[in-house]
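A short write-up of the structure that comes next.
Excluded from the calculations below are hydrogen atoms, water molecules and symmetry mates; all remaining heavy atoms, backbone and side chain alike, are included.
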Amino acid sequence: MSKERWLRYYESVLSKDEIERARKDDHAKRKPRPCGFTVHVAKGCSANCLYCYVTTKPKRNPLSPKALVYALLLNTHFEVGKSFVAIGAICEPLDYPDYTHQLIEELLKLGNPI
């Protein structure tokens with residue numbers, strides 16, 4: 001399915017508030033990193049690993065998994081089925097296993113490598 005069709009799909013299932021918040025989200029605007037698009041399930045981590053630079057308590061992304069994927073689709077640099085998606089750059093995704101699972105399920109629909 002094309003990017004435009006995916007955008008229309010998510011616009012049909014998200015509330016106006018979710019759409020507006022997704023449009024303002026950083027995922028909708030920033031350029032990809034060399035590893036691809038870093039998708040932030042949260043900011044922070046509860047593991048407190050000695051080697052890690054992430055030391056704040058985790059706070060889950062306020063967007064729903066569907067709204068987060070919609071934000072990615074809004075990004076002009078994001079290509080459906082091609083852009084690489086990296087999850088967990090500034091967090092531990094397993095701090096929020098249900099959210100992360102739902103997000104991965106949504107991303108898999110697009111066919112992008114994760």
Side chains of Ser83 and Asn112: do they bring a donor and an acceptor to under 3.5 Å?
no
Is it the case that atom [atom1] in [X] sees more than 12 heavy atoms from other parts of the structure closer than 6.0 Å?
| X | atom1 | result |
| --- | --- | --- |
| Lys43 | NZ | no |
| Lys82 | NZ | no |
| Lys59 | NZ | no |

So, taking the atom named [atom1] in [X] and the one named [atom2] in [Y], what distance separates them when rounded to the nearest 0.5 Å?
| X | Y | atom1 | atom2 | value |
| --- | --- | --- | --- | --- |
| Lys57 | Asn48 | NZ | CG | 9.0 Å |
| Asn61 | Leu103 | CG | CG | 8.5 Å |
| Thr100 | Ile104 | OG1 | CD1 | 6.5 Å |
| Leu63 | Asp26 | CG | CG | 10.5 Å |

Any sub-3.5 Å donor-acceptor pair from Lys3's side-chain atoms to Glu79's backbone N or O?
no
Look only at the side chain of Asp95 and the backbone of Cys45, and say whether a donor-acceptor pair between them is shorter than 3.5 Å.
no
Of all the heavy-atom pairs spanning [X] and [Y], show the shortest one and how long it is.
| X | Y | value |
| --- | --- | --- |
| Tyr96 | Val41 | CB-CG1, 4.3 Å |
| His40 | Ala89 | CE1-CB, 3.9 Å |
| Gly88 | Pro93 | CA-CG, 3.6 Å |
| Ala22 | Ala28 | O-CB, 3.6 Å |

Evaluate the criterion salt bridge (charged side-chain N to carboxylate O under 4.0 Å, His left out) for residue pair Asp17 and Arg21; output intermediate values, then yes/no.
CA-CA 6 Å; Asp17 180 57; Arg21 286 188 293 130; 3.2 Å; yes
Would [X] end up clustered with [Y] when hydrophobic side chains under 4.5 Å apart are linked, directly or stepwise?
| X | Y | answer |
| --- | --- | --- |
| Leu108 | Leu7 | yes |
| Leu94 | Val54 | no |
| Leu110 | Ile87 | yes |

N/O donor-acceptor pairs under 3.5 Å from side chains in residues 64-76, not counting sequence neighbours:
unit_1	atom_1	unit_2	atom_2	d
Ser64	OG	Glu18	OE2	3.0
Ser64	OG	Ala67	N	3.1
Lys66	NZ	Glu106	OE2	2.8
Tyr70	OH	Glu11	OE2	2.7
Tyr70	OH	Arg23	NH2	3.4
Asn75	OD1	His77	N	2.8
Asn75	ND2	His27	O	3.0
Asn75	ND2	Arg30	O	2.7

Got a sec, which residues hit ring pair (Phe, Tyr, Trp, His ring centres under 6.0 Å) with Phe78, two or more places apart in sequence or on another chain?
Phe37
Which residues pass the ring pair (Phe, Tyr, Trp, His ring centres under 6.0 Å) test with Tyr99, sequence neighbours left out?
none
Within the structure provided, determine whether Ser46 and Pro58 are in side-chain contact (heavy-atom separation under 4.5 Å).
yes
Any side-chain heavy-atom pair of Gln102 and Glu105 under 4.5 Å
no
